[in-house]
Peer 1: 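First the structure, then my questions, so here it is.
The structure presented is a predicted model; accordingly, all values stated were derived computationally and were not measured. Throughout, residue positions are numbered sequentially from 1 according to the sequence presented. Note that ligands are numbered from 1 as they come in the structure, with each ligand's atoms numbered from 1 the same way.
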Amino acid sequence: MFKPSFVRRASDPRAEAIVKDALREMPAPTRRLFLRRGLTLGGLTLLTGCAITDDESVQSVLTAVSRFNDRVQAAIFDPSLLAPTYPDSMITRPFPFNAFYGEDEVRQVDGAAFRLDVGGLVRHRAPWTLAQLNALPQVTQVTRHICVEGWSAIGKWGGVPFAEFLRRVGADTTARYVDFRCADGYHTSIDMPTALHAQTQLTLSYDGAVLPAKYGFPLKLRMPTKLGYKNPKHIVAIRVTNTYPGGYWEDQGYNWFGGS
Ligand SMILES: Nc1nc2c(c(=O)[nH]1)N[C@H]1C(S)=C(S)[C@@H](COP(=O)(O)O)O[C@H]1N2
Ligand SMILES: [Mo]
């Protein structure tokens, strides 16, 4: 009997591999749902609106699944739910370093010359000195950092609640995104509900001392509700925007929402 090439049986190994990749892309709650219902290639096609005909369309299906995941994660994100905190005795020592380059290439930012640029949908655009940032009310957190590369570690970060910083710069908190540019060329962006989360911190210190260069001197954003790559180090510019800003890893296929 004639069978067109685009009709694949569920046991087709290529179809199975695509479905497996798509499931891997999904956050746990969505994955459980699809595992229970049984996700097929046909189901994926319906979900994403992409027909799988070649390798390029496999890529667009996976990208569409990732966008779908952003929406699912945004929908299930509970702004009042706190990530676990730990006693000081559980801090991982030494705390691991990670970046898109080796530790010997860590950027050395001059703290005296440093200015934090603030832009986009904010009322007050004046750049901030390090002294001005240090004069803001500070809090600390002992939380777990989870990296997609397969490690996690508990650390202690101190700084300004990011919601308080956004309030001081007169940010439009109805905007969708906050975008971060870093001294090493890194870049990432987050959703506004996470930006306003109680544990999202504009971090100036690590374990009671000035934030060391390797952990992002002079300034990083610490979010225990998001994976490691969403936590930018060496921040030099913050912008509030409604235009999707992407990010260094996100533009290479990492899930944008990046919840942990
Ligand atoms: N500026 C900058 N920030 C960055 C990165 C980077 O390469 N450059 N890497 C990210 C990744 S993937 C991880 S896991 C954490 C590592 O932070 P740590 O060195 O404090 O452990 O930084 C994140 N923020
Ligand atoms: Mo990471």
Peer 1: Minimum heavy-atom separation for Pro218 and Leu204, please, with both atom names.
Peer 2: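 Scanning both residues, the minimum pair turns out to be O-CD2, 3.6 Å.
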
Peer 1: Do Gln199 side-chain atoms and Gln141 backbone N/O form a donor-acceptor pair below 3.5 Å?
Peer 2: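 Such a contact is absent between Gln199 side chain and Gln141 backbone.
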
Peer 1: Check ligand 1 for close polar pairs with the protein: N or O on both sides, less than 3.5 Å.
Peer 2:
unit_1   : atom_1 : unit_2 : atom_2 : d
ligand 1 : 1 (N)  : Asp184 : OD1    : 3.0
ligand 1 : 1 (N)  : Asp184 : OD2    : 3.0
ligand 1 : 1 (N)  : Lys233 : O      : 2.9
ligand 1 : 3 (N)  : Lys233 : N      : 3.0
ligand 1 : 7 (O)  : Phe100 : N      : 2.9
ligand 1 : 8 (N)  : Asp184 : OD2    : 2.8
ligand 1 : 19 (O) : Asn98  : N      : 3.0
ligand 1 : 19 (O) : Asn98  : O      : 3.4
ligand 1 : 19 (O) : Lys233 : NZ     : 2.6
ligand 1 : 21 (O) : Pro96  : O      : 2.8
ligand 1 : 24 (N) : Asn231 : O      : 2.7

Peer 1: With Arg222 as the cation and Tyr215 as the aromatic partner, state whether NZ or CZ is under 6.0 Å from the six-membered ring centre and within 45° of the axis.
Peer 2: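 Here Arg222 fails the 6.0 Å and 45° test against Tyr215.
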
Peer 1: For Gly119, is there any backbone N or O sitting under 3.5 Å from a side-chain donor or acceptor partner on Arg239?
Peer 2: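 Checking the backbone N and O of Gly119 against the side chain of Arg239, no donor-acceptor pair under 3.5 Å is found.
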
Peer 1: Judged by atom type as modelled, is there a donor-acceptor pair below 3.5 Å linking the side chain of Ser57 to the main-chain atoms of Ser60?
Peer 2: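 No: the side chain of Ser57 does not pair with the backbone of Ser60.
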
Peer 1: Donor-acceptor pair, distance only, cut-off 3.5 Å: does the side chain of Ser66 make one with the backbone of Thr63?
Peer 2: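 No: the side chain of Ser66 does not pair with the backbone of Thr63.
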
